[in-house]
Amino acid sequence: QNLDNIETIQFDLTKPYALLPPADLYLLSDVFESGAVARGAARVTDAALTKGARVWVFAQTDRAQREEYLTELNKIRKSCLSWTAMDDFDESQALWLCDVDENAVSYG
């Protein structure tokens, strides 16, 4: 794949009115360090999906605020979303909530 047009930026998930920079795909990983960050990540996820972008969220089961993110996202989107295993990736879906099994991840 041609990955020449990749840009990363810092973005404060706790600022409720921060403008979301344009992108085709947003990746969120281990962003649930506090309730405020988890709720902000849910707002950003909703904003990105509303703009027609894809959002992939990766989180380990033991992340303390992970369920707060999911609860807030379900409230905002009036949905009943849940985490899925990495093997259950469906490229046709705009949103992927990936449940990362720390014991199955290969860092080498």
Side-chain angles (χ1 to χ4, degrees):
Q1 290 188 6
N2 183 357
L3 299 176
D4 294 334
N5 192 16
I6 293 178
E7 181 181 342
T8 61
I9 64 164
Q10 291 182 340
F11 187 82
D12 188 345
L13 293 169
T14 63
K15 291 187 178 179
Y17 300 106
L19 292 177
L20 189 62
D24 297 320
L25 172 65
Y26 295 86
L27 298 174
L28 288 82
S29 179
D30 288 334
V31 295
F32 309 123
E33 297 302 318
S34 73
V37 172
R39 290 186 300 276
R43 287 190 301 272
V44 166
T45 299
D46 178 62
L49 293 170
T50 300
K51 290 183 175 193
R54 290 176 174 249
V55 181
W56 295 353
V57 184
F58 300 89
Q60 295 166 297
T61 305
D62 65 348
R63 293 298 183 224
Q65 306 301 327
R66 185 178 97 144
E67 293 311 310
E68 187 161 351
Y69 163 82
L70 187 61
T71 298
E72 183 72 10
L73 184 60
N74 280 326
K75 186 172 95 179
I76 292 169
R77 297 197 64 81
K78 297 176 177 55
S79 59
C80 188
L81 301 166
S82 61
W83 298 98
T84 61
M86 194 167 288
D87 294 339
D88 294 334
F89 175 64
D90 179 354
E91 67 183 56
S92 71
Q93 298 296 313
L95 176 62
W96 182 24
L97 301 176
C98 183
D99 183 18
V100 177
D101 179 356
E102 179 69 19
N103 295 319
V105 175
S106 172
Y107 293 103

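These figures come from a predicted structure and were not determined experimentally. The residues of the chain are indexed from 1 along the displayed sequence.
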### Distance, nearest 0.5 Å, that separates CG of L81 from OG1 of T45
10.0 Å
### Message
Here's a test for you: under side chain to side chain contact (heavy atoms under 4.5 Å, CB included), which of L28, L27, L95 qualifies with W56?
### Response
L27
### Query
Quick one: CD on Q93 to CZ on R54, what's the gap to the nearest 0.5 Å?
9.0 Å
### Query
For the residue pair A53 and A23, what are the closest heavy atoms and their distance?
CB-O, 3.5 Å
### Message
Hydrophobic clusters here meaning ILVMFWY residues chained together by side-chain heavy-atom distances under 4.5 Å, can you tell me if V57 and V100 are in one?
### Response
no
### Summary
Between the CD atom in E72 and the CD atom in Q65, the distance rounded to the nearest 0.5 Å is 12.0 Å
### Nearest heavy-atom neighbours spanning A41 and F32
CB-CE2, 4.2 Å
### Query
Is the side chain of R43 donor-acceptor paired with the backbone N or O of Y17 at a distance under 3.5 Å, no angle test?
no
### Message
Determine whether a donor-acceptor pair (N or O, by modelled atom type, separation under 3.5 Å) exists between the side chain of N74 and the backbone of L70.
### Response
yes
### Heavy-atom pair with the smallest gap, counting every atom of P21 and I9
CG-CD1, 3.1 Å
### Query
Around D62, counting heavy atoms of other residues, nucleotides and ligands shown, do more than 12 lie under 6.0 Å from its CG?
yes
### Query
Just by modelled atom types, is the L73 backbone N or O under 3.5 Å from a matching donor or acceptor in the R77 side chain?
no
### With Y26 via ring pair (Phe, Tyr, Trp, His ring centres under 6.0 Å) - residues at least two apart
none
### Message
Once you measure the plane-to-plane angle for W96 and F89, does it fall in the parallel (<30°), tilted (30-60°) or perpendicular (>60°) bin?
### Response
tilted
### Query
Is a donor on one side and an acceptor on the other found under 3.5 Å between the side chain of T14 and the backbone of V37?
no
#### Entry: F58 CZ to M86 CE distance, which is reported to the nearest 0.5 Å
6.0 Å
### Message
Can you confirm whether more than 12 heavy atoms, excluding those of K51, are under 6.0 Å from its NZ atom?
### Response
yes
### Query
With sequence neighbours left out, what residues match F11 under ring pair (Phe, Tyr, Trp, His ring centres under 6.0 Å)?
none
### Query
Does a side-chain heavy-atom distance below 4.5 Å link R66 with W83?
yes
